[in-house]
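When a ligand or atom number is given, it counts from 1 through the structure's own listing order. Because the structure is predicted, anything quoted here is derived from the model rather than measured.
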Amino acid sequence: MQAAARLYRPHIEVLSTRYDTALDSTGFDAVLIGAGVPVLVHRDDQDYPYRPEPLFLQWAPLAAHPGSALLYRPGRKPLLLVLEPDDFWHQPAPVPPGPWSKALEVRVIRHRDDIAKHLPAGKTRLAVLGAPLQWRGMALPGRLNPKPLLTHLDYERACKTPWEVACIQVATALGLAGHRAVRQAFAAGCSEYEMGLIFLAACGQTDAELPYPAIVAQNRNAATLHYQHRDRQRLPPRERHSLLLDAGCTHRGYASDITRTHAARPGEFAGMVRDMDRAQQRLCGLVRPGVAFPELQLAAQQEIAGLLARWELVRMTPEDMVARRVTDAFLPHGLGHLLGLQVHDVGGGLASRRGGELARPARFPRLRLTRPLTTGMVVTIEPGLYFIDSLLARLRRSPVARRVNWGRVAALRRYGGIRIEDNVLVTPAGHRNLTRELESAA
Ligand code: GLY
Ligand code: MN
Ligand code: MN
């Protein structure tokens with residue numbers, strides 16, 4: 001599974017045009033983008049897992065080449081400096097074969113300081129991007145991470161080129177293979193720990209390659225939104241109720257972000273998952289250019305209210321549930337976010353290329369995406385409904401507590417919660433659901 005190589009060169013052309021404008025409007029002639037370096041553990045001789053710089057990956061999908069860099073000068077072929085140190089402790093990763101070897105000028109360097117030898121001479125106004133640690137002690141003749149340039153690039157990167165969409169599709173296909181394997185493992189009674197390993201094996205990635213740590217949550221654990229543990233115990237069949245798996249993969253630096261919730265057996269919870277799935281599909285159906293994401297967030301609250309009424313959890317009209325914030329106790333997170341080089345891609349709140357943050361709606365202070373949707377954006381749509389003790393305790397102390405069917409809440413608490421998450425591309429005609437397209441094709 002590979003993103004089509006023919007899409008890469010046009011991607012570099014779009015990226016070059018974007019950088020030409022970004023550099024010109026922020027007063028630079030050239031930019032050096034570092035791949036980043038691993039961070040050393042305090043008082044140890046080991047590194048934390050290396051996370052490559054997204055802006056570097058956007059040009060050159062070399063995810064295992066710390067210390068490398070890319071130099072872009074308008075009108076010139078981008079120069080990729082690949083660091084292959086002479087090191088008998090570690091093995092440099094080979095440059096993966098691909099169209100970058102022709103579209104970029106590739107030079108191997110042996111020492112981090114060699115980067116300076118390749119910089120333009122004279123009075124070039126150079127911007128240097130990336131984690132400051134990579135540049136420490138190098139005295140490069142440039143401005144480090146100038147905010148106007150970063151803001152311009154962050155704003156632009158929300159809209160994906162066809163190459164980037166293809167990479168997200170491959171990451172999605174890999175993630176779905178992992179989800180299918182875990183679904184079977186759940187049916188077979190595996191533990192969270194085993195399911196985490198099965199996910200990795202099925203998609204062929206290491207933990208460090210995933211865009212975020214997979215969330216493998218059985219039963220009550222699904223009520224913790226970013227549950228991070230892996231219970232080693234296999235549960236007996238009658239104690240297994242639900243599984244929430246929120247797990248994606250990367251391909252050429254791009255992420256997928258997929259959540260599915262499964263019931264252990266047919267019956268009540270399986271029906272609830274189906275209801276949520278339909279609600280999630282209706283929300284995906286609202287994605288189109290020009291829509292303000294906070295409107296979708298409100299639509300999600302209305303869907304959650306409908307489910308609370310349908311499942312006889314709250315005796316109020318759905319309109320009142322939203323108005324009196326009952327739904328906030330069950331859906332405490334944003335409906336979605338930009339997706340791309342990072343799972344929570346940056347720039348979701350930018351007012352323009354020149355910066356300025358769009359105000360987050362007072363009602364939804366955690367919403368990461370406040371920009372109107374535009375063609376080329378890839379967003380997640382991930383409504384959820386959870387039984388979170390601390391939020392329920394607050395609801396119980398509120399004036400609307402008597403409208404809540406607490407007996408039913410107590411009975412459903414063991415399932416933890418439901419989240420369903422797809423990755424959706426905004427198109428001129430509306431949208432394409434990249435996750436469902438691949439799921440139904442499998
Ligand atoms: N996996 C984190 C999220 O869905 O945003
Ligand atoms: Mn997400
Ligand atoms: Mn997710």
Discussion item. Ignoring hydrogens and geometry beyond distance, is a side-chain donor-acceptor pair present between Tyr254 and Asp345 at under 3.5 Å?
Written reply: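 The answer is no; no qualifying pair exists.
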Item to complete: Determine whether any heavy atom of Arg419 lies closer than 4.0 Å to an atom of ligand 1.
Response: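 Under 4.0 Å: no for Arg419.
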Worksheet item: At the 4.0 Å heavy-atom cut-off, does His333 count as touching ligand 1?
Response: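 Per 4.0 Å heavy-atom rule, His333 does not contact ligand 1.
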Decide, yes or no, whether a salt bridge links [X] with [Y] under the criterion of side-chain N to carboxylate O below 4.0 Å.
{"X": "Arg278", "Y": "Asp275", "result": "yes"}
{"X": "Glu194", "Y": "Arg234", "result": "yes"}
{"X": "Arg260", "Y": "Asp422", "result": "yes"}
{"X": "Glu268", "Y": "Arg408", "result": "yes"}
{"X": "Asp389", "Y": "Arg220", "result": "yes"}

Item to complete: Go through ligand 1 atom by atom and flag the ones less than 4.0 Å from a non-hydrogen atom of Asp246.
Response: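 Those atoms are 1 (N), 2 (C), 3 (C), 4 (O).
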Discussion item. Quick check on contacts: which atoms of ligand 1 are under 4.0 angstrom from a heavy atom of Tyr212?
Written reply: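 Heavy-atom distances to Tyr212 below 4.0 Å select 1 (N).
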Worksheet item: Think Arg252 forms a cation-pi with Tyr8, using NZ or CZ under 6.0 Å from the six-ring centre and within 45 degrees of its axis?
Response: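 Cation-pi check for Arg252 and Tyr8: fails.
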Worksheet entry | Atoms of protein origin (N, O or S) under 2.8 Å from the Mn ion (ligand 3) |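 Short answer, with waters excluded from the count: Asp246 OD1, Asp246 OD2, Asp257 OD1, Glu421 OE1.
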Worksheet item: Heavy-atom contacts under 4.0 Å between Thr380 and ligand 1: side chain, backbone, both, or neither?
Response: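 Neither; nothing of Thr380 gets under 4.0 Å from ligand 1.
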Fill in: Close aromatic pair by centroid cut-off 6.0 Å: His344 and Tyr212
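No, too far apart.
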